[in-house]
Amino acid sequence: MVSDRFAPFGATIFTTITALAREHQAIDLGQGYPSWEGPDFVKQAAMNAIAVESNQYPPSMGIPVLQEAICDRFLQVSGLQIDPIVEVTVTSGCTEALAATFLGLVNPGDEVILFEPTYDAYPVGCAMAGATVRYVTLHGPDFRFDEAQLRAAFGSRTRLIVVNTPHNPTGRVFDAGEMALISELCREYDVVAVTDEVYEYITYGRDHIRMAALPGMWERTITLSSIGKTFSLTGWKTGWAIAPAHLTQPIRAAHQYLTFTTPNPMQYGSAAALRAPEAYFTELRAMYLSKRDLLVDGLRSVGFTAEAPEGAYYVLADHRPFGLGTDVEFVQHLITEIGVAAIPPSVFYHGSDEGTHLVRFAFCKDEGTLEQALERMSGL
Ligand code: PMP
Ligand code: GLN
């Protein structure tokens, strides 16, 4: 029997859709993993580490070369000089960093504010910690939040707000006004901002604003990210939490018992990755921009209504022009009859049902795959 804590959540939608895609030999635009492998210089660094470095337990908080690479990169993008020893914790992906944050900082009965549609790990992490969640909806088609709803979500019991920008699944990149309002409320209510920045380098003509660098926010921000999306190595599960010492301490309290540490070779590889030349990040953005345009134009031409995302690598398209029912019904039809897999976004909504007319497509796929999927969908 599954415990009461996990039973309500069932299997993750990504596992379910990936299995269905395989069963029906559908082109998989569901789970967000690239259809190519990561850069050779990064893989080589991990292979060298297996050959010449220790293969025993690395330090629980991360190997110094990775902690330092994380600091140097963070200084470059945020202007903040941080301490690798007491302000950086290496984790097994952003997923573990999220779990360690919820478990380490939240007491049962505390409240956590989540924007919905919400990445699936947040509500489950809150449930593990015994938190009560308050949802604030990002309303389509532009996926902005309502200021009054956000203000109403803050209260004396609020401990954390999770800010995922660039946002999965809407592709929103929160603008300066939105970030300023969130930060103002965090300061007013003494709330910690947890930022999930795994898509930090995948933006399209928008600036990625870092909460930690906003006035008065360093002291109350936990910045989470990972290597998976930026370096097309989603299987490496190497991430980190950057936070002032007083917020790093509770994260570490949980991390040391969750996983204790993260595989050594991937830490060496990740350190090499973060020292990539600036051109790497520019090329990554350009590559995803052209894939985004290919998919958005193609979806429109086969009959969807779709807005181009500002960041990340997903498109939320409106499937109502096809009249095939809810998102779950639409995705079932898409996989079994058309041969294309996608994610039904209603699973990302908890306080409203605004996801049922949408479908999420991932475009971290080679052009041939995207074109073939569009070709199949012309039969919708
Ligand atoms: N946060 C968001 C918003 C994601 O889309 C994902 C999926 N990769 C994660 C966290 C998990 O990151 P990781 O694979 O590093 O655990
Ligand atoms: N982040 C990936 C997505 O949104 C899923 C990762 C996972 O399966 N946990 O597609």
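First listed ligand is number 1; within each ligand, the first listed atom is number 1.
Atoms of ligand 2 lying under 4.0 Å from at least one heavy atom of R360, given by number and element, are 3 (C), 4 (O), 10 (O). Short contacts between ligand 2 and K229, defined as distances under 4.0 Å to a heavy atom of the residue, involve ligand atoms 1 (N). Near Y314, the atoms of ligand 2 lying under 4.0 angstrom from a non-hydrogen atom of the residue are 1 (N), 2 (C), 3 (C), 4 (O), 10 (O).
Linking Ile, Leu, Val, Met, Phe, Trp and Tyr whenever their side-chain heavy atoms come within less than 4.5 Å leaves Y119 and Y33 in two separate clusters.
Outside the 6.0 Å centre-distance limit, the rings of Y280 and Y201 are not counted as a close aromatic pair.
Here the options are Y199, F348, F363, the test is ring pair (Phe, Tyr, Trp, His ring centres under 6.0 Å), and the partner is Y314; only Y199 passes.
From the protein, the heavy atom lying nearest to atom 1 (N) of ligand 1 is D196 OD2, 2.5 Å. Regarding atom 9 (N) of ligand 2, its nearest protein heavy-atom neighbour is Y119 OH, 3.3 Å. The protein heavy-atom contact nearest to atom 8 (N) of ligand 1 is K229 NZ, 1.8 Å. Here the heavy atom of the protein found nearest to atom 8 (O) of ligand 2 is Q31 NE2, 2.7 Å.
Under 4.0 Å from ligand 1, not a single heavy atom of H167 appears. Contact annotation for V198 and ligand 1: only side-chain heavy atoms (C-beta onward) come within less than 4.0 Å of the ligand. Residue-level proximity to ligand 1 for K237 is carried by the side chain, the only part with a heavy atom below 4.0 angstrom. Under 4.0 angstrom from ligand 1, the non-hydrogen atoms of C94 come from both its backbone and its side chain.
Residues A241 and I251 share a closest heavy-atom pair of CB-CD1, 4.1 Å. The minimum heavy-atom distance linking S92 with T261 is given by the pair OG-O, 3.6 Å.
Geometric assessment of R292 against the ring of Y204 yields a positive cation-pi assignment under the 6.0 Å and 45° thresholds.
Side-chain contact check for L138 versus E116: every heavy-atom pair is 4.5 Å or farther apart. In this structure, the side chains of T101 and L98 stay at 4.5 Å or more apart for every pair of heavy atoms.
In terms of polar-atom proximity, defined here as any N/O pair under 3.5 Å, T12 makes no such contact with ligand 2. Taking only nitrogen or oxygen atoms, main chain and side chain alike, G32 reaches within less than 3.5 Å of ligand 2. Of the N or O atoms in N168, one or more lie within a sub-3.5 Å distance of an N or O in ligand 1.
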Task: Check against side-chain hydrogen bond (donor to acceptor under 3.5 Å, both in side chains), S270 and W236 - done: CA-CA 9 Å; S270 300; W236 276 30; over 6 Å; no

